[in-house]
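Naming: A, B, ... by sequence-line order, numbering from 1 per chain.
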Protein chains: 2
Amino acid sequence: MGRRNLHTREQQRDMAIAAAELILVREGIDELSMRKVAQAIGYTVGNLYLLFQNQDDLLAALNERTADAIYLSLRDRIEVLDDPRERLGAMARGYIEFATGNPNRWRLLFEHQLPEEMKPRPTADARIRRLFELVETTLAALEPKLKADALRLRATTFWGGIHGIGSLAVSGKLSWGGRSSDYTLYCEEMITAFFGPLKPRRRS
Amino acid sequence: MGRRNLHTREQQRDMAIAAAELILVREGIDELSMRKVAQAIGYTVGNLYLLFQNQDDLLAALNERTADAIYLSLRDRIEVLDDPRERLGAMARGYIEFATGNPNRWRLLFEHQLPEEMKPRPTADARIRRLFELVETTLAALEPKLKADALRLRATTFWGGIHGIGSLAVSGKLSWGGRSSDYTLYCEEMITAFFGPLKPRRRS
DNA sequence: CCTCGCAAATGGACGCCGATCAGTTCCGCC
DNA sequence: GGCGGAACTGATCGGCGTCCATTTGCGAGG
């Protein structure tokens, strides 16, 4: 075949990303090959390289979608809550739930290192930074007396801790440190460590 | 060539593991291939499959060594310290230092998921559990009034948090949440969150 | 000292992968 | 109606993990 013009470049890109995400979710990272993606969208492998620089470029596009999905999920969760403390809890639980509910997408985002020569692709990084900033903003409402530097340090450390719970949960290593696999438990413990016991006074 | 008997099976295994670790450290996970390992030890690829079931079996052997190295490193660090609080700090810093100092070994251990059909290989898991138990034991000395369940939960959560710092540090994503890349800062903040400010009274 | 069984090790084959590019096809403009 | 060039193909390359028929040579038995 030659020129078909069935879809625009942009459409083909979207199709490829969607197909790749489906393969990623259903079959895992190792099964996600350019050949499978090409076959899934009805084009040849060579054509994929007119849409993406290489495989890592496609994976980076996937990661952008994942980062967006996490951010929007957390955003939706907290906008119905008023108490900053509850917001942080909801974000933490939402983060862990996304990790355990979408392990392959989560792993690709955080554990698949892209080669450094494609570092000038700040889009994905910016979307993660947005996530950290969401935490920071929420934390600012909870601890208004903290200075900017201390606030940032605290938010980053807290979210790094939550991230660690997610990381261990996804790789199935949380049970190594204890019997339970109920990640919410670890979540609550982390929040308590950072922000004190839940609801210190109720109906008092 | 045929029978050489230059090295025993055990020796060949050790040579292969050592060679693989060198390649892992120097060139990264993606460059660690069975062919390179075979060439490095002066044998053919086919012979490697008389020593290991498959590549993941070799990687699992590498991970055992890494887990041992981390455990022994932390053990050495704390045995010269008496104060439990200082011990936990030393362990946390040591963990992060190992992660940032040996990123490829650390990534292979925690971020490379082995296929589930080789799950009946409890050796590597046991070595990680040992690490968690070391934390738990040290924490027990700091908070003697905690019950076993609460202790385990607290230790696991704390160590999961430290692990998260390491995970983000290794993947270079810690700067996303703040300017500094001085991981010790995050370490101290995490310890403070869990165990209160450092040295609450000095020379008082 | 010879020889021969069998363990030890080889090396090539298979099917997959990411990546490249000369060549083919056919759309749309003149 | 025809043609230039964009769109797309598919063959090709080197490398990968894995397997196994074949070859080699050590060492026990004569």
Closest listed nucleotide, where the reference is the side chain of [X] and the choices are [options]:
| X | options | result |
| --- | --- | --- |
| A:S33 | D:dT18, C:dC17, D:dT9 | C:dC17 |
| A:Y49 | D:dT9, D:dC19, C:dA19 | C:dA19 |
| B:N54 | D:dT18, D:dT9, C:dT10 | D:dT18 |

Nearest whole angstrom, please: distance from the [atom2] of [N] to the [atom1] of [X].
| X | N | atom1 | atom2 | value |
| --- | --- | --- | --- | --- |
| A:Q39 | D:dG10 | CD | P | 13 Å |
| B:H7 | C:dA9 | NE2 | P | 9 Å |
| A:I41 | D:dT9 | CD1 | C1' | 14 Å |
| B:F52 | C:dA9 | CZ | P | 14 Å |
| B:Q11 | C:dA9 | CD | P | 11 Å |
| B:L6 | D:dT24 | CG | C1' | 13 Å |
| A:L48 | C:dT20 | CG | P | 13 Å |
| A:D57 | C:dG18 | CG | P | 14 Å |

Can you tell me if the side-chain N/O atoms of [X] get under 4.0 Å from OP1 or OP2 in [N]?
| X | N | value |
| --- | --- | --- |
| A:Q12 | D:dA7 | no |
| A:Q53 | C:dA19 | no |
| A:Y43 | D:dC8 | yes |

Practice prompt. Show the numbers, then the answer: is there a side-chain contact (heavy atoms from CB on, under 4.5 Å) between B:T138 and B:V135?
Written response: CA-CA 5 Å; B:T138 310; B:V135 178; 5.9 Å; no
Fill in: Centroid separation A:H163 to A:W106 less than 6.0 Å
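Centroid separation for A:H163 and A:W106: below 6.0 Å.
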Discussion item. Any carboxylate oxygen within less than 4.0 angstrom of a Lys/Arg side-chain nitrogen, looking at B:R26 and B:E31?
Written reply: no
Worksheet item: So, are A:D14 and A:R65 salt-bridged, with charged N and O less than 4.0 Å apart?
Response: no
Worksheet entry | Donor-acceptor pair (no angle test) under 3.5 Å: A:R35 side chain, C:dG18 base |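 Per atom types, the contact qualifies.
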Discussion item. Base, sugar-phosphate or nothing for B:E31? Non-hydrogen atoms, less than 4.0 Å.
Written reply: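 Answer is nothing: B:E31 stays at 4.0 Å or more from every strand.
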Worksheet item: For B:N5, which contact category applies under a 4.0 Å heavy-atom criterion: base, sugar-phosphate, or nothing?
Response: sugar-phosphate
Worksheet, complete the sentence: On DNA chain D, more 5' by nearest nucleotide between B:M34 and A:L50 is A:L50
Worksheet item: Side-chain contact, heavy-atom cut-off 4.5 Å: A:T66 with A:F98?
Response: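 They are in contact (side-chain heavy atoms under 4.5 Å apart), so the answer is yes.
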